[in-house]
There are 2 protein chains.
Amino acid sequence: MGHGADAKNTTTARERLETVGAADVAATLQALATPSRLRILARLQEGPCAATELADAVGMEQSACSHQLRLLRNLGLVTGERRGRSIIYALYDNHVAELLEQALYHVEHLRVGLRDTPASAPTAVT
Amino acid sequence: MGHGADAKNTTTARERLETVGAADVAATLQALATPSRLRILARLQEGPCAATELADAVGMEQSACSHQLRLLRNLGLVTGERRGRSIIYALYDNHVAELLEQALYHVEHLRVGLRDTPASAPTAVT
DNA sequence: GGACCACTTGAAGAGCCATTCATGTGTTCA
DNA sequence: TGAACACATGAATGGCTCTTCAAGTGGTCC
């Protein structure tokens with residue numbers, strides 16, 4: 001994806017948003033919009049993990065964790081595989097890991113107050 | 001603590017999450033977790049826009065839009081500058097645009113069911 | 001079979017959040 | 001000055017969501 005000048009980009013973010021469905025995009029991003037799920041995903045990025053161990057790692061009750069895991073699974077962000085009496089959870093694929101990575105990266109830089117090119121006036125679009 | 005080193009990645013996502021503050025990360029991502037704000041940001045990515053015109057572009061009431069704009073401004077995602085009797089809104093910087101871009105990109109690919117490298121233990125799922 | 005473990009599921013309650021309605025502030029123009 | 005415009009603000013409402021408590025299901029080992 002090109003940074004900087006994308007002067008002749010025919011597909012706008014707005015079009016893509018409505019194509020995919022703004023509600024669906026919002027729903028997926030909502031998965032990253034809570035501390036508990038954020039911690040779950042971050043822990044899972046280090047490797048697969050059983051449910052109880054996972055709940056313990058992120059410091060939440062096992063039941064609450066299970067509820068969130070179901071939500072994440074329904075969104076296609078994590079997978080769960082039965083192994084003995086445990087169920088091993090893992091990130092669905094690298095896209096999820098990358099999305100988490102990007103979110104972290106950007107927020108880290110936003111918090112610092114770092115600003116590069118102001119997006120305000122560079123390209124005249126009308 | 002490392003001083004902004006990206007190359008040598010000994011810091012896990014979990015560490016970074018807690019360093020920045022999971023709640024703050026969640027709060028910022030929450031800004032992208034609703035259709036209305038998503039549309040606002042997507043419209044703003046095309047260029048600056050006055051409040052009323054913006055509300056009209058995303059199809060929401062002026063008051064509701066103003067409330068959301070305040071929220072986005074408090075999060076440091078957009079800026080508003082008075083010009084005449086209008087107030088021109090714009091994305092704060094390119095990081096915001098990129099974050100939106102990344103979110104769109106990833107969700108587009110998630111929805112397709114596309115999967116590349118499994119992020120962890122190969123598993124057959126449900 | 002029965003005790004036990006790992007995890008899920010359902011319901012209920014508290015808190016939060018986005019929208020609406022009504023009103024308030026600031027600006028331009030006649 | 002007053003009317004009209006552009007936008008912000010406050011309160012109230014309805015809906016949604018995260019958590020907790022209390023069962024319920026599937027699996028293992030003796």
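So you know, we letter chains A, B, ... as the sequences are listed, proteins then strands, and number each from 1.
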Qualifying residue for side-chain contact (heavy atoms from CB on, under 4.5 Å) with Leu100(B), from Leu38(B), Leu44(B), Leu91(B):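 Checked Leu38(B), Leu44(B), Leu91(B) against Leu100(B); only one passes side-chain contact (heavy atoms from CB on, under 4.5 Å): Leu38(B).
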Looking only at the side chain of Ser66(A) (C-beta and beyond, no hydrogens), which of the listed nucleotides dA8(D), dA6(C), dT8(C) gets closest?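 Within the option list, the nearest is dT8(C).
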The side chain of Ser36(B) is closest to which nucleotide in this list: dC18(D), dA8(D), dA18(C)?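 From the listed options, dA18(C) comes nearest.
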Look at the rings of His95(A) and His109(B) and say which category their plane angle falls in: under 30° parallel, 30 to 60° tilted, over 60° perpendicular.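 Because their plane-to-plane angle is under 30°, the rings of His95(A) and His109(B) count as parallel.
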Is there a side-chain polar atom (N or O) of [X] under 4.0 Å from OP1 or OP2 of [N]?
{"X": "Tyr89(A)", "N": "dA6(C)", "answer": "no"}
{"X": "Arg85(A)", "N": "dG26(D)", "answer": "no"}
{"X": "Gln68(B)", "N": "dT19(C)", "answer": "yes"}
{"X": "Arg82(A)", "N": "dG26(D)", "answer": "no"}

Taking 5.5 Å and 30° as the limits, would you call His67(A) and the base of dT19(D) a stacked pair?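 Ring-base stacking flag not set for His67(A) and dT19(D).
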May I ask you to say what [X] touches in the nucleic acid, namely base, sugar-phosphate or nothing, with a heavy-atom cut-off under 4.0 Å?
{"X": "Arg83(B)", "value": "nothing"}
{"X": "Ser63(B)", "value": "base"}
{"X": "Ala64(B)", "value": "base"}
{"X": "Leu69(A)", "value": "nothing"}
{"X": "Gln30(A)", "value": "nothing"}

